[in-house]
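Everything below concerns the one structure shown next.
Remember, it's a predicted structure, so these values are computed and weren't measured experimentally.
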Amino acid sequence: MSSGYFLADTNSLVYAYRAGGPELLDEYINVADGQQREFAITRTIEREIEKGPLGEEILHHLTERGITILSAPETEQRLRAGSLSTKSAGEVSMLEVAAQEHAAGRGTRIWSDDKYFDSQQIMRKAPGAEPITSAGLLNEAYEQEYIDAANHRIYRAGYEAQADFSPGHSARLNTFLTLDPSVPEPDAQAAIAQERTGSLGMRRAGAALGIAGLALEVYDGVESVRTAQRLQGEGNATAAESELIHFGARSVGGWTGAGIGIGMPAATASSV
């Protein structure tokens, strides 16, 4: 029996795909399943994803997993009428679903990193809505043993290599667990510095590659994550973490860390 929906926001899906590819999305879907919740997105979120970075990859994966797409009629009508800003439309659509679920006696988990859900005034009007950030969700996946400590570090490095999660940039978003300090963690910031000081020739090559170059880096990033996970599965955590750092160092498009497209802008104009 379902305990309700687990709704995903656009930016958070993009962040996760950059941090760990489809494998990390699958872990989050597993967390929802374990809580007897149905992982879903709204139709409004689907349209945001379509227009944003990695839209094709993310929607293809969600379709493969049979993820439910929910209608939020009031939000969609307001968008058509021009009475609702596209900046907050995705968040509003999720709260509309949460309100419907609350009326039926069910709560709704909302996975989002947007500041919209930090507003006490908004949340007082949203009974039954239970927001959780990406850092909180990754920590939860570890605490509930969907991922182990080494994979937590790998995915955390993938998040922290993205500007919005970089240490010192956002105390609100960068709230990952601190695991056993005796085990070295991948230094995402060192990878960023190494990439930024790379040769001018490599930078020019990246610019010349254009869209084709970006596609190659997407492939490279996915393969790096998969290689890291394979190494981790073989018990070689150090090599797994090194694979991710080396991907960051060799990327030529301004991307770095354990993901794909890390240097790209967020999926929507919504504030994080």
Problem - Heavy-atom check, side chain of Pro22 versus side chain of His61, under 4.5 Å - result: yes

Handout entry: Test log, rule side-chain contact (heavy atoms from CB on, under 4.5 Å), inputs Glu143 and Leu177
Key = CA-CA 10 Å; Glu143 291 168 337; Leu177 289 174; 3.9 Å; yes

Practice task
Would you please name every residue forming a side chain to side chain donor-acceptor pair (under 3.5 Å) with Asn30, sequence neighbours left out?
Solution key: none

Problem - Between His60 and Glu64: side-chain donor-acceptor atoms closer than 3.5 Å - result: yes

Problem - Flag for Glu140-Gln35: side-chain donor and acceptor within less than 3.5 Å - result: yes

Problem - Side-chain donor-acceptor contact under 3.5 Å, Tyr15 with Asp113 - result: no

Handout entry: Side chain to side chain, Ser170 and Phe165, heavy atoms closer than 4.5 Å
Key = no

Handout entry: N-O pairing of Arg43 and Glu46 below 4.0 Å
Key = yes

Practice task
Please check if the distance between the ring centroids of Phe176 and Tyr159 is under 6.0 Å.
Solution key: yes

Practice task
State, without any angle test, whether Glu101 and Thr108 hold a side-chain donor-acceptor pair at a distance under 3.5 Å.
Solution key: no

Exercise for the section: Give a yes-or-no answer on whether the side chains of Ser93 and Thr75 include a donor-acceptor pair shorter than 3.5 Å. Expected result: no

Exercise for the section: Could you tell me whether Arg109 and Glu38 have a side-chain N and a carboxylate O separated by less than 4.0 Å? Expected result: no

